[in-house]
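Below is one structure, written out as structure tokens, with a few remarks after it.
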Protein chains: 4
Amino acid sequence: MASRGVNKVILIGNLGQDPEVRYMPNGNAVANITVATSESWKDQQGQQQERTEWHRCVLYRRLAEIAGEYLKKGAKVYLEGRLQTREWQDQQGQKRYTTEIVVNEMQMLDSRPGAGGGQAQQGGQGNWGRPQQAPAAQGQGGYGQQPQQPAAQGGYGQQGGYGAPAAPKPQGQQPQQPSYNEPPMDFDDDIPF
Amino acid sequence: MASRGVNKVILIGNLGQDPEVRYMPNGNAVANITVATSESWKDQQGQQQERTEWHRCVLYRRLAEIAGEYLKKGAKVYLEGRLQTREWQDQQGQKRYTTEIVVNEMQMLDSRPGAGGGQAQQGGQGNWGRPQQAPAAQGQGGYGQQPQQPAAQGGYGQQGGYGAPAAPKPQGQQPQQPSYNEPPMDFDDDIPF
Amino acid sequence: MASRGVNKVILIGNLGQDPEVRYMPNGNAVANITVATSESWKDQQGQQQERTEWHRCVLYRRLAEIAGEYLKKGAKVYLEGRLQTREWQDQQGQKRYTTEIVVNEMQMLDSRPGAGGGQAQQGGQGNWGRPQQAPAAQGQGGYGQQPQQPAAQGGYGQQGGYGAPAAPKPQGQQPQQPSYNEPPMDFDDDIPF
Amino acid sequence: MASRGVNKVILIGNLGQDPEVRYMPNGNAVANITVATSESWKDQQGQQQERTEWHRCVLYRRLAEIAGEYLKKGAKVYLEGRLQTREWQDQQGQKRYTTEIVVNEMQMLDSRPGAGGGQAQQGGQGNWGRPQQAPAAQGQGGYGQQPQQPAAQGGYGQQGGYGAPAAPKPQGQQPQQPSYNEPPMDFDDDIPF
DNA sequence: TTTT
DNA sequence: TTTT
């Protein structure tokens with residue numbers, strides 16, 4: 001409900017491998033993805049250098065399902081979340097720590113294969129999920145025949161219920177909308193400058 | 001529910017004046033605040049320069065109420081939101097545009113007056129709301145005798161209902177919490193470094 | 001040099017039209033771009049709604065040149081900058097205000113046309129600049145035959161000199177690099193998890 | 001010079017202990033700080049819960065010096081940086097990983113002790129550095145008698161020279177300033193709303 | 001270790 | 001209008 005301080009991470013990068021999705025006893029999905037960001041620079045000898053940073057990210061519930069459905073190795077994504085370091089024990093019983101980004105917002109940044117009409121199914125190089133599947137395998141995702149590029153937001157435990165299988169419940173977050181008595185704001189079809 | 005693109009603003013600044021809170025017909029609160037950020041630099045002649053930027057911000061529902069209750073002129077705040085430009089007409093019937101930050105998260109950054117025990121009475125210079133009030137005037141805010149520093153998050157239309165007077169309903173956002181079957185993460189009592 | 005407060009904007013969106021680049025007397029480039037972000041939601045009647053927000057952005061110097069060279073209408077970009085409201089006078093001598101994002105970091109998010117081999121030349125739909133040019137017409141940009149996807153960072157006055165034509169000077173910002181006596185960090189070729 | 005992707009962290013939190021500052025052979029300062037953020041929520045049984053997250057942060061050069069000089073245990077700061085995971089070996093020769101935030105911007109969020117006149121001397125509870133020192137012990141910091149609240153930005157390798165002791169050189173980053181032929185922007189004395 |  |  002509240003928080004003291006701000007703990008925010010923003011990433012744009014590419015998946016190092018396909019998402020790993022698993023389900024908890026209560027039916028909630030959890031997905032792990034690893035995302036690479038990189039920077040390059042010239043060192044003091046003028047040599048071009050590059051360094052890749054790998055980020056371990058975890059997504060829950062609806063976000064996990066979307067990730068599992070639509071992302072694959074190489075996909076470019078925008079992620080927003082918070083840092084969390086968890087403790088675990090290695091085989092020797094030693095305490096270890098792993099820092100992860102708990103994602104609460106995701107945007108896919110690859111242009112959709114098959115977008116824009118025609119262009120047809122399959123993929124392979126588009127980094128979108130399930131490209132090899134038969135065209136009829138759809139439906140579960142709820143994104144329709146021509147699946148909309150899903151852009152997902154998932155606050156903290158946003159889908160409400162723990163203990164219930166993830167379902168397409170109404171999101172707790174809708175845009176803060178122009179109420180009748182606010183000034184008009186219709187920008188839908190023209191650019192104001 | 002969804003969004004294409006990212007539209008995010010992060011501000012830390014000081015209120016130029018007390019918040020203006022009003023209520024919509026449906027009972028929802030709306031608050032307007034103006035926040036200053038400033039930067040200083042040396043120009044090419046070596047003169048110290050400073051420029052203040054004023055940001056017009058709008059808060060809705062619970063956030064508006066908290067702002068009205070706890071913020072006042074001079075208060076330092078962290079704000080997160082999105083940009084929104086709305087069109088209006090001036091007296092000559094000319095189209096005008098105003099860009100505002102629609103706030104969906106807020107953190108007060110002033111230390112509470114009277115926090116920590118002792119440290120003296122009243123406020124007046126602490127930039128917290130209602131400092132001149134009699135000590136007994138509490139209660140309405142629901143923050144208890146020793147009101148907790150409120151840190152508030154308000155997604156898009158987060159408090160659920162339009163058309164209902166704002167009430168302290170459960171937030172749509174709770175921390176994404178360690179469920180029983182997730183990896184252990186208990187940092188409560190020891191530190192990883 | 002310093003700033004009191006934080007004034008930060010993060011956008012991911014698409015250009016509404018080609019960048020407009022002009023040059024100042026001192027030779028510095030200035031580019032204006034308009035970027036759309038949009039969100040969609042279901043209203044209370046269950047109707048799908050969408051709202052597009054248009055952001056007026058301004059880029060200076062090297063960033064302006066890169067924008068002019070590589071971006072075009074429809075291109076998807078990541079932008080980071082700060083809000084700035086400037087005053088101007090309309091024809092009636094009335095004070096008007098326009099809020100812009102002064103961009104200091106930019107990332108192009110479209111996959112390069114012609115990247116990865118095959119996929120072929122031409123453009124038109126790739127949203128990258130100068131797509132109709134002959135393949136040999138390159139060179140000015142300094143991005144080579146197979147131009148690297150430019151990712152640019154431009155702090156405040158980053159290219160150092162005012163008063164000089166923008167040149168590919170060394171950036172004032174290089175990655176904060178592992179100095180000899182810091183712990184080794186070579187992640188270049190393996191994923192650590 | 002460039003980067004592919006975005007790797008950004010934004011924190012507001014409190015220092016768990018005084019900064020640890022050390023110097024590299026080339027004279028550059030490095031500071032380590034640990035910063036706490038926390039969130040609280042009600043669990044499913046209605047119990048108030050709280051979780052504190054600890055962030056390991058590293059600052060270089062001028063930022064490190066400022067941190068060492070002005071921050072102390074308990075201080076509240078705004079930090080911006082990037083995630084970096086470095087590999088090291090434990091005593092058993094095992095590979096270990098530690099994730100840190102490499103800070104490139106910092107803002108102190110505590111109000112200065114002794115600011116505003118009167119308000120009394122010394123510190124101890126103000127979380128500003130060196131509070132127990134004799135008033136004359138100043139000078140090294142270059143912030144004057146009444147030290148300005150330092151707000152610091154330090155890009156990547158921002159202070160220019162490696163291999164030289166950090167000195168108050170001109171920052172590579174000045175505000176992107178209104179040049180003569182840009183639209184007027186003088187907000188110094190009037191407010192747009 | 002912090003803070004409320 | 002704020003803040004330092």
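Letters go in sequence order (proteins before strands), and every chain restarts at 1.
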Closest approach to the side chain of [X], judged atom by atom: which nucleotide of [options] is it?
{"X": "D:Ser38", "options": "E:dT2, E:dT3, F:dT3", "answer": "E:dT3"}
{"X": "A:Arg4", "options": "E:dT3, F:dT2, E:dT2", "answer": "E:dT3"}
{"X": "D:Ala36", "options": "F:dT2, E:dT2, F:dT3", "answer": "E:dT2"}
{"X": "D:Lys73", "options": "F:dT2, E:dT2, E:dT3", "answer": "E:dT2"}

Using whole Å, what does the distance between atom [atom2] of nucleotide [N] and atom [atom1] of [X] come to?
{"X": "D:Glu39", "N": "E:dT3", "atom1": "CD", "atom2": "P", "answer": "19 Å"}
{"X": "B:Met108", "N": "F:dT3", "atom1": "CE", "atom2": "C1'", "answer": "18 Å"}
{"X": "D:Leu79", "N": "E:dT3", "atom1": "CG", "atom2": "C1'", "answer": "15 Å"}
{"X": "B:Leu71", "N": "F:dT2", "atom1": "CG", "atom2": "P", "answer": "16 Å"}
{"X": "B:Asp110", "N": "E:dT3", "atom1": "CG", "atom2": "C1'", "answer": "15 Å"}
{"X": "B:Gln107", "N": "E:dT2", "atom1": "CD", "atom2": "P", "answer": "19 Å"}
{"X": "B:Lys72", "N": "F:dT3", "atom1": "NZ", "atom2": "P", "answer": "9 Å"}
{"X": "B:Asn32", "N": "F:dT2", "atom1": "CG", "atom2": "C1'", "answer": "17 Å"}

For D:Val103, the option from D:Val35, D:Leu63, D:Val77, D:Val9 that meets side chain to side chain contact (heavy atoms under 4.5 Å, CB included): D:Leu63

Contacts of type side-chain hydrogen bond (donor to acceptor under 3.5 Å, both in side chains), residue B:Glu20, not counting sequence neighbours: none

Residues forming a side-chain hydrogen bond (donor to acceptor under 3.5 Å, both in side chains) with B:Asp18, sequence neighbours excluded: none

Check: C:Asn7 and B:Leu11 side chains under 4.5 Å, non-hydrogen atoms: yes

